[in-house]
Structure formats: C-alpha cells, structure tokens
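Have a look at the structure below, then the notes.
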Amino acid sequence: MPILDIVTFPDKSLSEPSEKITTFDDALKTLIADMAETMFEAPGAGLAAVQAGVSKRLIVVNTTIDHENEAEEERSYMALINPEIVEADGEFISEDEGCLSVPEFRATVKRFNRVKVTAQDADGNPLELNEEGFPAVVLQHEIDHLNGILFIHRISSLKREMYKRKVKKWMKGQGR
Ligand code: NI
C-alpha cells in the first residue's frame, strides 16, 4: 500500500471545508487503507483525508495498543466517514498538540474533555462514539481538519504569527 504525501501549511486546501462522502465503494476502502498506512508510518494519532490531498469528509484515528514489549504492538485504527460532533462538554488542556500538516511546531490547545461523535463506517453504516480525554482530543483535531481548521487557529494569534514567520523563512531558504 502506498504511503501518501502529506499536505502541509500554508497550503490553501487545508483551510477549506471538505465535501460530504456519498459513495461507499472500493476506491474509498483503498483510500482508507492508504491513509492508515500513512498515519502509522508518520507516525500520527490521526489523519484527515484533506491532509492526503483528498478534500472529503473522512478521518482515520490510531487505536494501536502499546504493550510494554514493543514487538507486541498491535496496529489498529478506525475510519470515520462524515463524522460530526453532536455533544461536547468539559475542558481538556491539550498540551504539546501537534499536526502532521504543521511540521516543527507544538502548542497547548484548549479542547473539550468529552465528545459524542456520529459518523459512518466504510460501508455507510451509522457509527456512534463516546470518547474522553486524549482520544476525544484526537477526534476534535481531525474533525477540525474537515472544516478547514488547524490547531494553530485555536491558539493565540501571537504564537500563530511566530509560526507563520518561521514557515516563511524556511520557504525562502528552500528557494520557494
Ligand atoms: Ni492535524
């Protein structure tokens, strides 16, 4: 399965909302498998389709169980299609949050502590998830991507501007 290229900030596609998925075919299943492979390879806690250049409402989340012995690691993931947060409460300070599309930057983000999410699976069947703490943060982060929101839009503008300047410098350095 191919590893997909990850789109990074400031690519415009990352700030645009993704389209609803209405066709549940083999191409969708292939995309899900490739996205999961890409997420494991990165490695990341989750990945939204828009980060792989596909502007559709699909996310994968890493549910790998880490055993004490690394060799026993069991890779697993979940794909959520057209996910929506239908309930959210509490507060969770997500320290050191990062994103594969925002390289070399981490920040503290204020998130909800608990979310209820409805979605569809790869065959279009309805799904419902209730998560708390870190898994709830991953869902909020990935669903944000589908709405064109990056975690740097949820931090102070001062910190965001610092990061933007850093990116501009890199791009100049690379002659872009
Ligand atoms: Ni992200």
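Given the structure is predicted, the values throughout are model-derived calculations rather than measurements. Numbering of ligands and ligand atoms starts at 1, following listing order.
Looking only at protein N/O/S atoms, the ones less than 2.8 Å from the Ni ion (ligand 1) make 3 in total.
Listed by first and then second residue, the ring-ring contact (aromatic ring centres under 6.0 Å, His included) pairs that reach into residues 14-35 come to none, sequence neighbours excluded.
For Thr8 (side chain) and Ser101 (main-chain N/O), no donor-acceptor pair under 3.5 Å exists by modelled atom type.
Ile143 and Ile59 get closest at one heavy-atom pair: CG1-CD1, 4.1 Å.
Under the rule for a ring pair (Phe, Tyr, Trp, His ring centres under 6.0 Å), the partners of Phe9 that lie at least two apart in sequence or sit in another chain are Tyr163. Every residue meeting the side chain to side chain donor-acceptor pair (under 3.5 Å) condition with Arg111, not counting sequence neighbours, appears here in chain and number order: Glu97, Asp144.
Contact annotation: the side chain of Cys99 approaches that of His141 to within less than 4.5 Å [non-hydrogen atoms, C-beta and beyond].
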